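Below: the structure, in structure tokens.
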2 protein chains.
Amino acid sequence: MKLILDRDLCFFDIEATGLNVVRDRIVQIAIIKYFKDGREPQELSLMINPGIPISLEAILVHGIQPKDVANKPTFQQLAQKIWDFIGNADLAGYNSNRFDIPMLMEEFARVGMEFDVTKRRSIDVQRIFYKMEPRTLKAALKFYCEKEHEDAHDAMADVRATIDVFKGQLDKYEGVDYLDEDGVRVEAPIKNDVQVLHEFTNDNRFVDATQKLRADVNGDIVFNFGKYVGKPVGETLYEDRQYYNWILNKEFTSQVKQMVKKLVREYEKGLKAKEKENGNNE
Amino acid sequence: MKLILDRDLCFFDIEATGLNVVRDRIVQIAIIKYFKDGREPQELSLMINPGIPISLEAILVHGIQPKDVANKPTFQQLAQKIWDFIGNADLAGYNSNRFDIPMLMEEFARVGMEFDVTKRRSIDVQRIFYKMEPRTLKAALKFYCEKEHEDAHDAMADVRATIDVFKGQLDKYEGVDYLDEDGVRVEAPIKNDVQVLHEFTNDNRFVDATQKLRADVNGDIVFNFGKYVGKPVGETLYEDRQYYNWILNKEFTSQVKQMVKKLVREYEKGLKAKEKENGNNE
DNA sequence: TCATCG
């Protein structure tokens, strides 16, 4: 398979201190450059001192520890070298549209170099995967049951397909482990047990379907939108009744409204219980 | 494959007037109820008059036209029947966490019935698919190349894997059509051609990686966040310089800042050109 | 989050 190019093309990948493309920094970059004239591709691989801590999650992913980059050059010192190596090449990577390209742009911007991507093309290999291998109900039926979904989008036919898929999953994943997003192995999570599957398929970080509310690290329900993002719902809306009424009248799901009412009620109750206790103690 | 249940379990699916769980309405619901005592599952299938128009996109998906439901009962009239059929069962569906369950809750809420999901469990079959079949680089290498990705998250090993995957994709998808999100067939979009793949993997609706900006139906770049969501960036920030400065100083990617500056500059230029023209005409 | 749900 020979690539047909009218311009050089750089495949590249970044390892970083974390996932935030603005706040986090590069600790390793690797580039393989394909030339339009067809000559042998050229490689560049660099370790970089990020100048900020490497998050524990990131270390667990790529294994690069602070001591591994402590004596390496900074991005500032390597910027020109990377810039020249890439030249005016097009770019390619895995999930590079959302991660590698914007993070590289940030690094260049911080050292005063404007890495112009409007004049380059880019191929995100992950996007090809996502688009060409959809995960619709139809695709699921084919994947798990090797069946064509003939009457798709008739409600009863879809329910039947869903049940087939579900049974196929119980079968296929018997004894199969799950690797979670942090790479932690969960032993055989797919069991013929509703409680287990309820927990597995309901992301407890998000507590409502539209993801307007979520649980923070302490398990408190906080806003995931608007001016109070990250603030606890119960306390905040108890204080700001105007915002409370605004939410109840606005186009939020009844699930959100139900939860909001409940949280304020519970906060109020907790407050009264405390007051009473204080009164008793005096 | 026999389901082990400690409570009845309703698999269900909804066809609707559109995708918005708050604004849209159910036109068809199908439910298959499994009983904890193991007796034969029971089915319910209903056509419902939604009382609002069915969007064209929805009709193209499920084929249910206004005339098909014009003489059917409304949700109000069927609510009790659906409520009783489901009883206190647990729920299951395909993408039901994000679609079917919240939409059903909305319908019940509108007729004054609070369908309590905090006391039920739910299984989203799509979530099992997503979690057990991830689309990481490692998974891609296995899928396209039948290879194990041994040295995952070493940057150079990841670049090599990305190239392998990419070549595997060029191979696998030669002559394979793509069905886009509206079900429109695109003929063999995966070609050994950077320009073609650039267009295929870069969603032209979103113009920056963090999706803070996007193109509207006219192709104008508009805000996708904050108080000016949907408004044209250039004009809006030319008028509101304070917001402009706020963006440039806030934690947005350099890509966003670059675009914002460019859009304001262009708007200003267009304005001056118009003024000059008007001057000439007088 | 992304895609997927209609």
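Chain identifiers are assigned alphabetically (A, B, ...) following the order of the sequence lines, protein sequences preceding nucleic acid strands; residue numbering begins at 1 within each chain. Quick caveat, the model's predicted, so the values are computed rather than measured.
With ring centers used as reference points, A:Phe129 lies 6.0 Å or more from A:Tyr94.
Of the listed nucleotides (C:dT1, C:dG6, C:dT4), C:dT4 has the atom at the smallest distance from the side chain of A:Pro134. Of the candidate nucleotides C:dC5, C:dT1, C:dG6, C:dC5 has the atom lying nearest to any side-chain atom of B:Tyr94. Closest to the A:Gln211 side chain, of the nucleotides C:dT1, C:dG6, C:dT4, is C:dT1. For A:Leu137, counting side-chain heavy atoms from C-beta on, the closest listed nucleotide (C:dT4, C:dG6, C:dC5) is C:dC5.
Using a 4.0 Å heavy-atom cutoff across all strands shown, B:Glu57 reaches at least one base atom of the nucleic acid. Looking at heavy-atom distances under 4.0 Å, A:Asn95 makes no contact with the nucleic acid at all. At a threshold of 4.0 angstrom between heavy atoms, the contacts of B:Asp100 with the nucleic acid are absent.
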**Request:** Show the numbers, then the answer: is there a side chain to side chain contact (heavy atoms under 4.5 Å, CB included) between B:Lys131 and A:Asp180?
**Result:** CA-CA 8 Å; B:Lys131 290 180 79 168; A:Asp180 79 5; over 6 Å; no
**Request:** Please step through ring-ring contact (aromatic ring centres under 6.0 Å, His included) for the pair B:Tyr173 and B:Tyr178, ending with a clear verdict.
**Result:** CA-CA 9 Å; B:Tyr173 298 129; B:Tyr178 165 66; 9.8 Å; no
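The CD1-C1' distance, from B:Ile29 to C:dC5, rounds to 14 Å in whole Å. Protein atom CG of B:Leu104 is 15 Å distant from nucleotide atom P of C:dG6, rounded to whole Å. Protein atom CG of A:Leu141 is 16 Å distant from nucleotide atom P of C:dT4, rounded to whole Å. As a whole-Å value, the separation of B:Ile54 CD1 from C:dC5 P is 19 Å. Here the C1' atom of nucleotide C:dC5 and the CG atom of B:Leu19 are 6 Å apart, to the nearest Å. The CZ atom of A:Arg135 sits 17 Å away from the P atom of C:dT1 (whole-angstrom rounding). Atom C1' of nucleotide C:dT4 and atom OH of A:Tyr130 are separated by 13 Å, given to the nearest angstrom. The nearest whole Å value for the distance from the CD1 atom in B:Ile14 to the P atom in C:dT4 is 20 Å.
With sequence neighbours left out, the side-chain hydrogen bond (donor to acceptor under 3.5 Å, both in side chains) criterion links B:Lys250 to no other residue.
Residue B:Arg98 is the one, among B:Arg98 and B:Ser55, whose nearest nucleotide of DNA chain C lies closer to the 5' end (criterion: closest heavy atom).
For A:Gln28 (side chain) and B:Ala155 (main-chain N/O), a donor-acceptor pair under 3.5 Å exists by modelled atom type.
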